[in-house]
Amino acid sequence: MIILAIETSCDETAVAIVEFQRGKVKVLANIVSSQVKMHSKYGGVVPSLASRMHLKNITPILQRAFRNAKISQKKIDYIAVTNGPGLIPALMVGVGAAKALAYGIGKPLIGIHHIEGHIYANWLKKCDDEKNKLWQGEFPLLCLTVSGGHTQIILMKKDLNYQVLGETLDDAVGEAFDKVAKLLGLGYPGGPIIEKMAKKGDEEKIKFPRPMANSGDYNFSFSGLKTAVLYEVQNCRNKAMPCSYDDQYKQDVVASFQKAAFDVLVSKTIKAAEKYKVKNIVLGGGVSANKRLQKLLADAIKSNLPACGFSFPQSKLTSDNALMIALAAFQHVKYEKGIKTWKSVTADANLKLK
Ligand code: KG4
Ligand code: ZN
């Protein structure tokens, strides 16, 4: 069975063509065209520019995907597309292209929730290989999804079954990384830059708050942490405290900020995992690329829940891509959920995970 998947929810135009056969996965094409260079000039994603770039790129990328896969359109069995959540002008380009393709070749269309894709990115254990294995999943399973738009703890009792236990009440954790990088003049996107700089800093140097660490629920808040970083930096710059605003200082600030953010993510994930007695914890989303987060969570699982499994996606699959959308779509086909025609799939910026 061959699935063609499209992802355009933010600033990556992505197409994948993937063959699923008896538990084996063959990635026939996997193209991601990033617009990051263009948006970095503005310090963040500009939705109208994103949609213009998706429109310019989507057809050539589809053509290239078919060339790479060396198959004709007739061989495609299902088309899948991220239909939300995300930037509506960006989503509409991918959904429009997917609908036209589904109509043109007369095949079913599956709308995929973006976070579902980030979760199922974990199901592929090796990329590039001709014979990737598909993980079966061991439930109950807890997902910590951390991206530029989301921070959620999700309980899955079985495939395609999602219960959001908690989420951020304001900024997503990736958004906080981007904003802290911006206020220090470090560039966009902030996450990878902060991770690299933090390695040279002392994460215990500045005592930033751990927002909502003891709130008794699984919700998060990162806006106050970002403001605490802003005040700290302003006080240093204005000489309101003895401090020199140099590289070492900035490295200590980002390391301490990163540790504060991750401490809350890790402690709440462990609490939820204990309460729901999960067999596995999986990470997903752009921030899951962060090695410090991977290590902190792995260590916490080892000491608190030694029998619990832990997975994070391969680095290629942490940021937005269409292969993860194909992996989620495969589950929809397997369980016959959400298989529609081109007529009934629409883009929804606020799509809920159901
Ligand atoms: O999942 P993603 O590619 O797009 C969204 O769905 O939002 O996530 C992008 C976010 C950005 O905020 C970026 O700064 C963050 O993921 N990010 C990281 C790292 N790599 C990307 N944050 C922390 N450490 C990283 N290594
Ligand atoms: Zn994403």
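Both ligands and their constituent atoms are indexed starting at 1 by order of listing.
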* For ligand 1, is there an atom lying under 4.0 Å from some heavy atom of Cys10? -> no
**Prompt:** So is His118 in contact with ligand 1, going by heavy-atom distances below 4.0 Å?
**Reply:** yes
Only one of Glu116, Gln152, Lys354 passes side chain to side chain donor-acceptor pair (under 3.5 Å) with Tyr162, and that residue is Glu116
In Asn83, Asp320, Thr82, the residue satisfying side chain to side chain donor-acceptor pair (under 3.5 Å) with His114 is Asp320
Nearest-0.5 Å distance, [atom1] of residue [X] to [atom2] of residue [Y]:
| X | Y | atom1 | atom2 | result |
| --- | --- | --- | --- | --- |
| Asp252 | Glu204 | CG | CD | 11.0 Å |
| Gln163 | Lys157 | CD | NZ | 5.0 Å |
| His113 | Leu160 | NE2 | CG | 13.0 Å |

Out of all atoms in ligand 1, which are within 4.0 Å of some heavy atom of [X]? Include the element for each.
| X | value |
| --- | --- |
| Glu195 | 25 (C), 26 (N) |
| Gly149 | 7 (O) |
| Gly148 | 5 (C), 7 (O), 8 (O), 9 (C), 10 (C), 12 (O) |
| Pro189 | 14 (O) |
| His114 | 6 (O) |

May I ask you to identify the nearest protein heavy atom to [atom], giving residue, atom name and distance to one decimal place in Å?
| atom | value |
| --- | --- |
| atom 2 (P) of ligand 1 | Asp320 OD1, 3.4 Å |
| atom 21 (C) of ligand 1 | Gly286 O, 3.4 Å |
| atom 12 (O) of ligand 1 | Asp178 OD2, 2.8 Å |
| atom 24 (N) of ligand 1 | Asn290 ND2, 3.0 Å |

Nearest heavy atom to atom 25 (C) of ligand 1, choosing from Ala121, Gly191, Ser319, Ala198, belongs to Gly191
Note: Val287, heavy atoms under 4.0 Å from ligand 1, region reported as both
The complete set of disulfide (SG to SG under 2.5 Å) pairs with one or both residues in residues 197-251, sequence neighbours excluded, reads Cys236-Cys243
Ile110 and Ala329 have their tightest heavy-atom pair at CD1-O, 4.1 Å
Checked the Zn ion (ligand 2): protein N, O or S atoms closer than 2.8 Å come out as His114 NE2, His118 NE2, Asp320 OD1
- Item | Close side-chain approach of Lys26 and Lys24, heavy atoms under 4.5 Å | no
Worksheet entry | Asp299 bridged to Lys295 by N-O distance under 4.0 Å | yes
Check: Gly309 main-chain N/O paired with Lys279 side-chain donor or acceptor under 3.5 Å: no
Check: Does any N/O atom on Gly174 come nearer than 3.5 Å to any N/O atom on ligand 1?
Finding: yes
query: Taking N or O atoms only and a 3.5 Å limit, does Thr318 qualify as a polar contact for ligand 1?
result: no
**Message:** Within the 3.5 Å criterion, strictly below it, is a donor on Ser9 or Glu7 matched to an acceptor on the partner's side chain?
**Reply:** yes
Step by step, work out the salt bridge (Lys or Arg N to Asp or Glu O under 4.0 Å) result for Lys182 and Asp178.
CA-CA 6 Å; Lys182 195 170 180 178; Asp178 295 337; over 6 Å; no
When Ile58, Thr13, Ile325 are each screened for side chain to side chain contact (heavy atoms under 4.5 Å, CB included) with Ile6, the one that passes is Ile58
